[in-house]
Amino acid sequence: MAVRRLRLLPPPRNPRDRRRQRLTSRLGWRIAGASIRGSAHRSGSCQDAWYAAKLPGQRFAAAVADGAGSAPHGGIGAAIAVSEAVSSLVRGAKRSREETLCLDHVRAAVQSAADAVTQRAVGQGHPVSAYATTLSVVAGGVDHLVWGQVGDGAVVGSDGPGRFMTVAPPDNGRWINETYFITGGLNRLTVGRLDQPVSAVALITDGLRRLAMRSDQTPFAPFFEPLVAHVRGSRDTDASCRAVHAWLQGPHVAARTADDVTLVVIGRPLGEGTSQ
Amino acid sequence: MEQQDLRDVLFADENPEQRALCCVLADCSASMQGEPIDSLNRGLVALRESLADDPIASTRVEICVVAFNDRSKVIQDWTSVSGFRPPRLTANGTTHLGSGISTALDQVRARTAELKHASLPMYRPWLILLSDGLPYGEEESVLARAEEDLRRAHRENRLIPFPVGVGEGADLALLERISAAEPRRLEGLAFEEFFFWVSASLSAVTASHDGTGAVEGAPVDVWARIPTD
């Protein structure tokens, strides 16, 4: 499945919470994303996946994953990993009374993603490595981010127009075409926390790295800025997902990479300060 | 259907593709006022649109626009096709052709050096010289030096000049002398047709793999008349 719809939280029972969520959907984060099969994989299926959700209290969670091309079920591993990681963050956010998310939420999300993939492999009688996938997850709100990553995805953050920073740099092995997978144990898991105002976040898989990041792993702002501006300017999640999908499928990206590509962009409409 | 605002996305500058530089040197002296300059502006829009439609050319072509009248000015520094914002040029003043050529040559030289430093393979840069008349108001030595530089750059295969005379008044013999290339006369004010031709030719060049640097452009008869005089 190329386009994964956002899963928004079901309406809360408590009327006060419901009012708060309406406010959140009007003022809060806007999210768009897409995974596209690259021309090198035209005969097979897309082995990238993404998933995202808005959390109560002006918070969000998102994940991208890149199933190993050499693994027969890498795409399934990626799809399981992103949905399980985000679901875990949703559960964690609901349980915690705190306004901020912490590194334990992220570790739990990656662990439960790895467990879910392992469970699928065992259930199917396949080796776990057949479902090998990278995983990048991020969650946060207006003043903090927490992230966790295994492999060569990347998370980029912005604290204002034109200002982008690498939140989670891609983790390659020694060679450019090798990386690490959640199915190979979590000893390569890196986690981090950023306590500062955040106005936009983007996640990419390896297929977009050369297009979006400089060789020193810093984000190329002219790549991200128009995408962030588009997403934060669009009230219609489905429409902006379709636009990102169409753009990723377009000639400019196709001319530059034959790999599967995934992009998730999360942004707040301009003019919303951290006080809101 | 691609979203208009997403066409502005630029890519990290590690594009391993070959680059094709195209510098447009435009005469913006007073004699270009009115329809000629409007037509030139429409032509630059046509150039962008047409190149953007070609997935290969749009990754390989870089554009730069230099305008000259009493002085010369880099209106658009080197940019990819997606970053190219066609300018709205205005016309006034005299025709300092030599100064314009020198600025354009500096632009080509600087970008060529950068790309060479980055080890990016390049097609031979194009210098499109659009002028509607005679050099005027400039010291002769300035033009003589520019002419010398341009002829040498052409002789040493550092660029390919495309001199184009705009309108009946253009001195094609002079354009030929300063560039050592065969000038063409733009028929009427067919700038849009001309820039479609530039785009089609750049597309043909950037799609070619023969490495000879030979320019096999599209047919020119839609916009030009080869001088017979």
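What you see is a predicted model; the values in this text were computed from it and never measured. First the proteins, then the strands, lettered A, B, ... as listed; each starts at 1.
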Review point. Distance from A:His252 atom NE2 to B:Ser82 atom OG, nearest 0.5 Å?
Key: 7.0 Å

Review point. Taking everything shown except B:Arg71 itself, do over 12 heavy atoms lie less than 6.0 Å from its CZ?
Key: no

Review point. Which atom names give the shortest non-hydrogen contact between B:Phe11 and A:Phe220, and what distance separates them?
Key: O-CE2, 2.9 Å

Check your understanding: Does CZ belonging to B:Arg85 count more than 12 external heavy atoms closer than 6.0 Å?
Key -> yes

Check your understanding: So, for A:Pro226 and B:Leu6, which heavy atoms are closest and what is the spacing to 0.1 Å?
Key -> O-CD2, 3.9 Å

